Structures are given as C-alpha cells and as structure tokens.
Asker: 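Take this structure first; my questions come after.
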Amino acid sequence: MKNTELYILLNSFSSKDFEDFELFLFSPFHNRNKSLSLVYNTIKSRKDLLVQKNHDKILHLISKRTNYSTSTVKKLISFLSDSVLDYYKIKSVLSDEFYLRISLNQYLLKNGDSQTLNKSQKILEEKYSTNDKLIIDDYYKVFLHKLNLFNSSVINLKYQNKSDVEERLNTINEAGIYLSLYSLIQLTLLFANYVLNSVDSGTEKVEGFRLPLRQLFDASVLCMNNTADKKIKNVFNLYYSAYKCYETLANANLYKEYKDIFLEQADRLDHESFYINYNLLLGYCSTSQRVMSSDQFFDKEELELLNYSMEKKLYKNEITSNLSPITYRNYVLLCLENMDMVKLKNLIENYSSELDFTERVDMVNYAFTHYYYGMSNYKNALKYLNTVDLRKFVYKYDLLDLEIKIYYERNDFTSLERLYHNYREIIKKDILLTKYDKTRFLIFFKHFSDFLRIINKPDNYEVHFSLEYLQSQICKEKSFVMKKWLTRIITNRLELLKKKNS
C-alpha cells in the first residue's frame, strides 16, 4: 500500500516540489535515514517511469543502484512515503502565514516569552486589521488571536487598573463575535448543502436540519450590527440573506435581496467568499426551478448569473483556464429554456474556444443542435445531433430529449414512436442512473405516452376533456424530465382545439 502511495504522491509533485523535497531529505532535523535520499534520487532521475507507472522497473533500478534487497527497498519506499507526508505537513503550515503566526504566539505564550509575544501579537493585529478581504477561515484565526491576547493579559496580570480591565473585556467580546461569525457562515453553508441534497434526492419537503439556525441568526443581529467593524456587519448580512433564501425556496424577493447584497459587496469579497456566494445564488436558482416549474423567473436569473460568469471569466482559476463543459452545457439549456438564441449564438462564437480542445467539437455540435432547434430549423438541428456519438457523449439524454421535441414539432410520429420506445429501454438498462433519476424519466414516459394516445384520437370533446385531465395530473407532479415542455405542448393543443371548436 505504501509503495503505491509514494508513486501517487510523487506524481502530484511540481518541479519545485522535487527540488524542495530533496533539500528536506538532506536536513538531519527532518530525516535521519540517509538511505532515503539514495532511493529518492534514483526515482527522481527516472521521472518518466513514474509517468508510465512502471513501478516494477523503478524497484529493480533502486535495488541495482543501492545493492539493497527487494524487501529492504520496499521498506525504504514505505518510509519515503511517510517523509513526503511530513514534507506536506510543513509545506501546508508554511503556506498560511496568518495561522503560522498564531501558532508561534501560542508557543511563545506557553514558553512565557512575553516580550517577543507582545511584539508578535502587534504584527498579527496589524496584519488582519488592514486586510479588507479576509477569507472565511480567517474569522476563526482572529478568534484564536483574540483568545491569545486575553490569555496573555491574564498570565501577565494585566488587569490592575480600569483601562486594562476594559481592554480585556473588549477582547473577550471581540473573540466571541469573530467565533460567532465564523460559526454562522459554516452553518449556513452546511444548511444550504442540506437543502440542495434534500431536493436532489427527491424529498417533497426539506426538513430535519437539527440546529436552530434561524434562532442563532436572530439572536446575533443586534450584536453584529452594533459592532464598530463594518466588515463584520457586511459579511453577517450577506450570509444571513443567504440563509433566509435557502430557508424558503423559490422566493423571488429573498433572492433579489441576497443578490443585491452580493453584487454590492462583490469587489470587497475575497476570492473564496466570492465563489461561494456566487455558487449559492446559482444553486438557489437551479433548485427553485425544480420546486416551482411554472414560473420562469429563476430560469432567467440563472442564465443571467451564468452570463455574468462568462463576462467576468469566473471559470478561470489556479487549476484550469478552460471553460467547464458542465457550465457550457447549462448555459446552452438555459438559453433554449428562455428562447434566447442571441445569447446562445454568442456563446458558440465567442466562448467555444475556451473549452478544452478534446471536448470542443462535441460540445459545439451539442450547442448548434439546440441553437437550430430554437430557430425552428429542425433539419440542421438533426444534422448536428447526428454528428455526436450518443453512446460516448455524456449529455446524451439532453440530445435524446431534444430529438423527441424535433420529431414532435415536425409531426414525424413514426420516428417519434421509434425513438420513444428505444429511449425507455436505454433508461431501464442504465446502471449509472439513480433510482430517483429513473423515476423522473419514467414519469415523463407515462404522461407522454398518454399524451400521444389522446392526440391520435379524432378531434372531439373527449380529446379536449382528456387533455385537460392529463394537464391537471401533470401539475400535481413535483418534478420530472421535460415537465415544462410537456405542459407547454398540451396547453398549445388545448388552445388549438378551443379555436377550432369556436
């Protein structure tokens, strides 16, 4: 196990890591087993074997260069794996200067070095107070810093006069505020994830979150808004608005309030907090559509948020500079849902090049299929659809849905019946779909089958009555695949019948 672990760890090394880890092994403070350097340098000299995953050859090479037995080499590789983890521990601590200073201050307090501690505390106080963009974890770190200040004042008996006592009490209050804010943020994120996962699992009513988060927020309002630190007020109000949204899904007013606060603070938020709140807004729109399918408000809002993401190039980060195919796909579907072909054409022409080249051709064909369907050019829509191998394409169900719509719009009921039958079989046999996913498809198949049966009857009052009854049954369903489209075509049929009869 350790042998495999080492190769996995080394494969994630950057060029700098390879050099830094070599220095780490040279240090007798970190490594007292000189043999590990021999083993490591042998592996380092043949990085190509790491990439090829030719682990047996690596083992043989080490044995040959060191004259160690295979069993000894395996033990050394295991020890080397532990050393890499030790290197990562130190690297992770050193990467966070804020926490490093807090750890130092706690150590100085324990050792009783009050003079050095006092100097270090002032450096830390200046560092966080002048930083306008604290990350979420920083609020907890400031709490630790305030706690360190309080503990050092007690140890140094710094409470002999009224001024010192007031300072100490103020430090306690500030520590409480920062800890409360950190806790409320984390609880809000937990609650939002609880709601999103509940809806994803098909739960009719979101309940069961055990912590009284509403009471905690309400009890904190006065304290947070009375603090002299404006940053705390802003951050508290931002996450309080987020909580109120997720407490009540599909509420346009609560959403607008949260969105306005987010946009107002966007330039003052750190990178992490910005993305967290942007994704909370996006998730709220997406989830609200599922519980409120008759209103297109959240469809349009989600499209606007994705458009904002495109314009600001939010998809670029330290990991990738490519546009995610998931984001691209969601944008395509929302453009079609809102029948905004201008935005869809703009996506294809200006952002397709941002996709990874291995995904670009299929994703562009996917987008053109939806674009031409939206333009009622069904011939071209099918042409682009047929260029995609649905057996391999991850979004094949999107395209199968669209193919059903195309055949219906063309009144090609022969092709529609054939596709509809094959589609059902594909869903039944797909082992990757969850039970809930299959249920959402099967509900559509049931209602669409009833719809096809009804419209194939002669036009009379019974057809009108049957369609109205089917529409009422569909309205009772919480969520299923293509619910909006099926509702729309039934409404259109009823309007046509009404005109014909009149």
Side-chain angles (χ1 to χ4, degrees), residues 195-207 249-250 282-303 326 329-330 332-339 369-370 373-374 390 394-409 413 416-456 466-494:
V195 172
L196 293 172
N197 279 276
S198 294
V199 175
D200 282 344
S201 65
T203 303
E204 289 292 324
K205 185 179 179 183
V206 178
E207 55 187 6
L249 288 173
L282 205 58
Y284 186 79
C285 286
S286 178
T287 304
S288 294
Q289 290 170 50
R290 295 176 65 175
V291 300
M292 187 183 179
S293 56
S294 60
D295 195 325
Q296 283 198 305
F297 172 80
F298 289 105
D299 286 348
K300 293 175 181 175
E301 283 298 319
E302 186 176 2
L303 180 57
I326 297 172
R329 173 249 189 183
N330 290 344
V332 169
L333 294 180
L334 283 165
C335 284
L336 185 63
E337 190 63 45
N338 290 282
M339 292 306 291
T369 302
H370 288 77
Y373 171 79
L390 294 185
V394 68
Y395 304 125
K396 65 181 178 181
Y397 292 125
D398 295 340
L399 292 175
L400 287 170
D401 290 344
L402 200 62
E403 196 171 0
I404 282 178
K405 294 176 183 179
I406 292 170
Y407 289 141
Y408 174 77
E409 300 292 348
F413 289 100
L416 183 58
E417 291 281 0
R418 173 183 50 78
L419 174 64
Y420 172 68
H421 172 75
N422 292 339
Y423 197 172
R424 291 187 65 173
E425 293 305 308
I426 292 170
I427 295 297
K428 288 178 182 178
K429 293 176 183 177
D430 194 329
I431 60 174
L432 297 178
L433 290 175
T434 65
K435 185 178 179 181
Y436 174 61
D437 288 332
K438 288 191 176 186
T439 299
R440 293 182 73 247
F441 278 109
L442 293 174
I443 292 172
F444 166 72
F445 293 142
K446 175 183 178 299
H447 291 312
F448 190 58
S449 179
D450 289 341
F451 172 72
L452 292 178
R453 177 177 51 77
I454 292 168
I455 64 174
N456 283 326
S466 298
L467 284 175
E468 284 186 333
Y469 178 74
L470 177 60
Q471 191 176 49
S472 69
Q473 293 300 109
I474 289 172
C475 287
K476 293 176 184 177
E477 302 281 4
K478 183 182 178 184
S479 175
F480 62 85
V481 173
M482 291 205 287
K483 181 180 179 180
K484 291 180 184 178
W485 176 74
L486 188 53
T487 302
R488 187 161 59 244
I489 62 173
I490 291 173
T491 300
N492 291 342
R493 283 272 174 176
L494 285 169

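The shown structure was predicted, so the numbers you read here are calculated from the model rather than taken from an experiment.
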Asker: Do the ring planes of Phe441 and Tyr397 sit parallel (below 30°), tilted (30 to 60°) or perpendicular (above 60°)?
Answerer: tilted
Asker: Show your reasoning for whether side-chain contact (heavy atoms from CB on, under 4.5 Å) applies to Tyr284 and Glu301.
Answerer: CA-CA 10 Å; Tyr284 186 79; Glu301 283 298 319; over 6 Å; no
Asker: Mind checking ring-ring contact (aromatic ring centres under 6.0 Å, His included) for Tyr408 and listing every partner two or more places apart, or none if nothing turns up?
Answerer: Phe451, Trp485
Asker: Could you walk me through whether Lys396 and Leu399 satisfy the side-chain contact (heavy atoms from CB on, under 4.5 Å) test, starting with their C-alpha distance in whole Å, then the side-chain angles of each, then the deciding distance to 0.1 Å, before giving a yes or no?
Answerer: CA-CA 5 Å; Lys396 65 181 178 181; Leu399 292 175; 5.7 Å; no
Asker: Are Asp200 and Tyr436 linked by a side-chain donor-acceptor pair shorter than 3.5 Å?
Answerer: no
Asker: With a 4.5 Å limit on heavy-atom distance, are the side chains of Arg424 and Tyr420 in contact?
Answerer: yes
Asker: Between His447 and Phe480, what is the ring plane arrangement, given parallel below 30°, perpendicular above 60°, and tilted in between?
Answerer: tilted
Asker: Determine yes or no for a side-chain-to-main-chain donor-acceptor pair under 3.5 angstrom, with Lys484 supplying the side chain and Glu337 the backbone.
Answerer: no
Asker: Determine, stepwise, if the pair Phe444 / Asp401 fulfils side-chain contact (heavy atoms from CB on, under 4.5 Å).
Answerer: CA-CA 11 Å; Phe444 166 72; Asp401 290 344; 5.6 Å; no
Asker: Do the side chains of Leu333 and Tyr395 get nearer than 4.5 Å, heavy atoms only?
Answerer: no
Asker: Quick one: CD1 on Ile490 to CD on Glu468, what's the gap to the nearest 0.5 Å?
Answerer: 11.0 Å
Asker: With rounding to the nearest 0.5 angstrom, report the SG to CG distance, Cys285 to Leu249.
Answerer: 11.0 Å
Asker: Establish, yes or no, whether a centroid distance under 6.0 Å links the rings of Phe445 and Tyr423.
Answerer: yes
Asker: What's the shortest heavy-atom distance between Leu416 and Ile404, and which atoms?
Answerer: CD1-O, 3.6 Å
Asker: Find the distance between CG (Asp299) and CE (Met339) and round it off to the nearest 0.5 Å.
Answerer: 13.0 Å
Asker: Taking all atoms of both residues into account, what is the closest heavy-atom pair of Ser288 and Ala250, and its distance?
Answerer: OG-N, 3.0 Å
Asker: Taking all atoms of both residues into account, what is the closest heavy-atom pair of Thr487 and Gln471, and its distance?
Answerer: O-NE2, 4.1 Å
Asker: Say whether, by atom type as modelled, one donor and one acceptor occur between the side chain of Ser286 and the main chain of Leu282 under 3.5 angstrom.
Answerer: no
Asker: Is a donor on one side and an acceptor on the other found under 3.5 Å between the side chain of Ser472 and the backbone of Tyr469?
Answerer: yes
Asker: Which distance, rounded to the nearest 0.5 Å, do you find between the CG of Leu433 and the OG1 of Thr439?
Answerer: 10.5 Å
Asker: Looking at CD of Glu417 and CG of Leu452, how far apart are the two atoms once the value is rounded to the nearest 0.5 Å?
Answerer: 5.5 Å
Asker: Could you list all the salt bridge (Lys or Arg N to Asp or Glu O under 4.0 Å) pairs where at least one residue sits in residues 434-446, not counting sequence neighbours?
Answerer: Lys446-Asp450
Asker: Would Leu402 and Asp398 count as a side-chain contact (heavy atoms from CB on, under 4.5 Å) here? Give the steps.
Answerer: CA-CA 6 Å; Leu402 200 62; Asp398 295 340; over 6 Å; no
Asker: For the CG atom of Leu334 and the CD atom of Gln289, what is their distance to the nearest 0.5 Å?
Answerer: 6.0 Å
Asker: For a quick test of reading the model, state the closest non-hydrogen atom pair linking Ile474 to Lys483 and the distance between them.
Answerer: O-CE, 3.4 Å
Asker: Taking only residues two or more places apart in sequence or in another chain, which ones pass side chain to side chain contact (heavy atoms under 4.5 Å, CB included) with Leu432?
Answerer: Asp430
